[in-house]
Amino acid sequence: MSIPTLRYYEEQGLLPFIKRSPAGRREFRQADLDCLCDIECLKKTGMQLKDIKQYIDW
């Protein structure tokens, strides 16, 4: 997954739980990586990002 994709997902609210270091770098935990895998799987089903966001919010 590219850096621009990660930034876009974050801007769209798909990655609300990503922590940042004091320097501002994203620090991914296993749960964050699992969420990214879920997002990619849902995208492959044809689900739109707004619907994926709703799913994550639940």
Side-chain angles (χ1 to χ4, degrees):
M1 186 173 297
S2 69
I3 292 171
T5 299
L6 289 172
R7 287 181 182 147
Y8 181 73
Y9 287 173
E10 190 171 34
E11 289 171 7
Q12 298 301 309
L14 296 173
L15 304 172
F17 309 111
I18 302 292
K19 302 291 183 203
R20 291 193 177 250
S21 72
R25 293 186 179 151
R26 291 169 190 85
E27 296 181 336
F28 292 95
R29 299 168 295 161
Q30 186 60 49
D32 303 324
L33 299 176
D34 293 342
C35 183
L36 285 169
C37 287
D38 290 344
I39 291 169
E40 287 299 304
C41 287
L42 292 170
K43 278 184 57 184
K44 288 179 184 177
T45 68
M47 187 180 283
Q48 295 181 357
L49 289 180
K50 66 177 180 142
D51 297 326
I52 294 172
K53 181 182 180 335
Q54 180 64 47
Y55 175 81
I56 291 170
D57 289 344
W58 287 340

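Atom NZ of K53 and atom CG of L15 lie 10.5 Å apart (nearest 0.5 Å).
Atom OH of Y55 has 12 or fewer neighbouring heavy atoms from other residues, nucleotides or ligands inside a 6.0 Å radius. Enclosure of atom CZ in R20 by more than 12 non-hydrogen atoms of other residues, nucleotides or ligands within 6.0 angstrom is indicated. Applying the 6.0 Å contact sphere to CG of L33 captures more than 12 heavy atoms from other residues, nucleotides or ligands.
Residues T45 and C41 have side chains not in contact (no heavy-atom distance under 4.5 Å, counting atoms from C-beta outward). For the pair I18 and E27, the minimum side-chain heavy-atom distance is 4.5 Å or more. Counting heavy atoms from C-beta outward, E10 and R26 have side chains that approach closer than 4.5 Å. Residues L36 and L6 form a side-chain contact, since some pair of their non-hydrogen atoms from C-beta on lies under 4.5 Å apart.
For residues 31-40, the set of pairs meeting the side-chain hydrogen bond (donor to acceptor under 3.5 Å, both in side chains) definition, not counting sequence neighbours, comprises Y9-E40, R29-D32, Q30-D34.
When the side chains of ILVMFWY residues are joined at heavy-atom separations under 4.5 Å, either directly or via intervening members, I39 and F17 end up in two distinct hydrophobic clusters.
With sequence neighbours left out, the salt bridge (charged side-chain N to carboxylate O under 4.0 Å, His left out) criterion links R7 to no other residue. Legend: residues meeting side-chain hydrogen bond (donor to acceptor under 3.5 Å, both in side chains) with S21, ordered by chain and number and at least two apart, are absent.
Listed here is the closest heavy atom pair of C35 and L14: SG-O, 4.2 Å.
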